[in-house]
Amino acid sequence: MELFESCEKPETHQRSGHPESPLADRMRPQNFNEFIGQEEIIGPNKPLRKIITTGKLPSLIFWGPPGSGKTTLAFLMARATKFEFITFSAVISGIKEIKEVMERAKYNREKFNRRTILFVDEIHRFNKAQQDAFLPYVEKGLITLIGATTENPSFELNSALLSRCRVFVLRGLTENEIKIILQAALRDKKKGLGGLAVEITDQVLSYVINMANAMRGRL
């Protein structure tokens, strides 16, 4: 059965940076030292970092603008804790898919004694019935739910589900943080553009940063 066969190779759900992947995916941080921004929650001795070091992750909601690092943080948390990492899109998935994922999480726990992080992008797009479908699995601890949303979870998520999650607010990246990320991509010869000997002036770099901020504001 394909659903369960993939569980025997959990690392396949924690890889990024394939040579044919888009630049942003190739440059995705592989550890917290590479992560830029959100120091107020993920820096040394900060709330989210403390949670991770315990190895006992509660269900979480990441609320922040596009490009603030919600998906990457969830990925890094799974990597740090060695949890299975399953991504789930609220745009294309429904209750049927939720149940299939829960069966897989149960299989992981019973056969491999391995816990599962279920990352749900745009969780606010789920309707009430779909959100309710998560409740029994969150309550039993079968999964650690990490939901990402650009909308205020107090208005967009069911109170029952929200009460079982801790909410972390992520801010938009500063211009300097975006600059650091772009410069790293330009230098990196293995995953980035370093092998192409790309040259960029400060003026052009500033233009790209401003365009990134402008596009983020429209999303």
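A quick note: this is a predicted structure, and the numbers were derived from the prediction, not measured. For this chain, numbers begin at 1 and follow the sequence in order.
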A.B. asks: How would you list all residue pairs meeting side-chain hydrogen bond (donor to acceptor under 3.5 Å, both in side chains) that involve residues 51-67, not counting sequence neighbours?
C.D. replies: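 Listed once each, the pairs would be none.
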A.B. asks: Take atom CZ of Arg166 as the centre, draw a 6.0 Å sphere, and report whether it contains more than 12 heavy atoms from other residues, nucleotides or ligands.
C.D. replies: no
A.B. asks: Determine whether Glu177 and Glu39 make a side-chain contact, defined as any pair of heavy atoms from C-beta on separated by less than 4.5 Å.
C.D. replies: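 The answer is yes; the side chains approach within 4.5 Å.
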A.B. asks: Testing Ile117, Val138, Val101, Ile86 one by one against Ile143 for a side-chain contact (heavy atoms from CB on, under 4.5 Å), which residue passes?
C.D. replies: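 That would be Val138.
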A.B. asks: Is there a donor-acceptor pair under 3.5 Å between the side chain of Asn127 and the backbone N or O of Ala129?
C.D. replies: yes
A.B. asks: Got more than 12 heavy atoms from elsewhere within 6.0 Å of CG, Asn113?
C.D. replies: no
A.B. asks: If you look only at pairs with a residue in residues 192-209, which of them pass as a side-chain hydrogen bond (donor to acceptor under 3.5 Å, both in side chains), with sequence neighbours excluded?
C.D. replies: none
A.B. asks: Would you tabulate the side-chain donor-acceptor contacts of residues 149-157 under 3.5 Å, counting partners in other chains and residues two or more places apart, or write 'none'?
C.D. replies:
residue: Thr149; atom: OG1; partner: His124; partner atom: ND1; Å: 2.8
residue: Thr149; atom: OG1; partner: Glu151; partner atom: N; Å: 2.9
residue: Thr149; atom: OG1; partner: Glu151; partner atom: O; Å: 3.2
residue: Asn152; atom: OD1; partner: Ser154; partner atom: N; Å: 2.9
residue: Asn152; atom: OD1; partner: Ser154; partner atom: OG; Å: 3.4

A.B. asks: With sequence neighbours left out, what residues match Phe62 under ring-ring contact (aromatic ring centres under 6.0 Å, His included)?
C.D. replies: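 In terms of ring-ring contact (aromatic ring centres under 6.0 Å, His included), with neighbours along the sequence ignored, Phe62 is linked to no residue.
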A.B. asks: So, the side chain of Thr72 versus the backbone of Gly69: is there a donor-acceptor pair under 3.5 Å, distance only?
C.D. replies: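 Not a single qualifying donor-acceptor pair exists.
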A.B. asks: Can a donor-acceptor pair be found, under 3.5 Å and without considering hydrogens, that links the side chain of Lys70 to the backbone of Pro65?
C.D. replies: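 Indeed, once roles are kept as given, a pair shorter than 3.5 Å links the two residues.
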A.B. asks: Flag the pair Phe85 / Arg79 as yes when at least one side-chain heavy-atom distance between them is below 4.5 Å, and no otherwise.
C.D. replies: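 Phe85 does not reach Arg79 side chain to side chain.
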A.B. asks: To the nearest 0.5 Å, how far apart are CD in Glu84 and CZ in Phe112?
C.D. replies: 9.0 Å
A.B. asks: Quick one: does any side-chain atom of Thr144 pair with a main-chain N or O of Leu57 as donor and acceptor, under 3.5 Å?
C.D. replies: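 Such a contact is found between Thr144 side chain and Leu57 backbone.
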A.B. asks: Could you list the residues that satisfy salt bridge (charged side-chain N to carboxylate O under 4.0 Å, His left out) with Glu175, not counting sequence neighbours?
C.D. replies: none
A.B. asks: Nearest 0.5 angstrom please: Ile61 CD1 to Leu161 CG, how far?
C.D. replies: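 CG of Leu161 is found 6.0 Å from CD1 of Ile61.
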A.B. asks: Suppose the criterion is salt bridge (Lys or Arg N to Asp or Glu O under 4.0 Å): which pairs have a residue in residues 122-138, not counting sequence neighbours?
C.D. replies: Glu122-Arg125, Lys128-Asp132
A.B. asks: Do Leu118 and Ile95 share a hydrophobic cluster (ILVMFWY, side-chain heavy atoms under 4.5 Å, transitive)?
C.D. replies: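 Result: no, two separate clusters.
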A.B. asks: Is there a side-chain contact between Thr116 and Tyr137 (heavy atoms, below 4.5 Å)?
C.D. replies: no
A.B. asks: Do the charged groups of Glu103 and Lys99 touch, with an N to O distance under 4.0 Å?
C.D. replies: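 Salt bridge flag = no for Lys99 with Glu103.
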A.B. asks: Answer whether the closest heavy-atom distance between the side chains of Leu182 and Ile200 falls below 4.5 Å.
C.D. replies: no
A.B. asks: Strictly distance-based, threshold 3.5 Å: is any side-chain N or O of Gln131 a donor or acceptor partner for the main-chain N or O of Phe126?
C.D. replies: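 Side chain of Gln131 to backbone of Phe126, a donor-acceptor pair under 3.5 Å: yes, one is there.
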A.B. asks: Would you check if the side chain of Arg26 reaches a backbone N or O of Lys191 as a donor-acceptor pair within less than 3.5 Å?
C.D. replies: yes
A.B. asks: Does the side chain of Asp121 reach to within under 4.5 Å of the side chain of Thr87, using non-hydrogen atoms?
C.D. replies: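 A side-chain contact under 4.5 Å is absent here.
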A.B. asks: Would you call Leu60 and Leu48 a side-chain contact if the rule is heavy atoms closer than 4.5 Å?
C.D. replies: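 They are in side-chain contact.
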A.B. asks: Just to verify, which of Lys46, Arg171, Arg49 counts as forming a salt bridge (charged side-chain N to carboxylate O under 4.0 Å, His left out) with Glu40?
C.D. replies: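 Filter result, single survivor: Arg171.
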A.B. asks: Does the side chain of Arg164 come within less than 4.5 Å of Leu145's, by heavy atoms?
C.D. replies: no
A.B. asks: Do Ile42 and Phe168 touch side chain to side chain, with heavy atoms closer than 4.5 Å?
C.D. replies: no
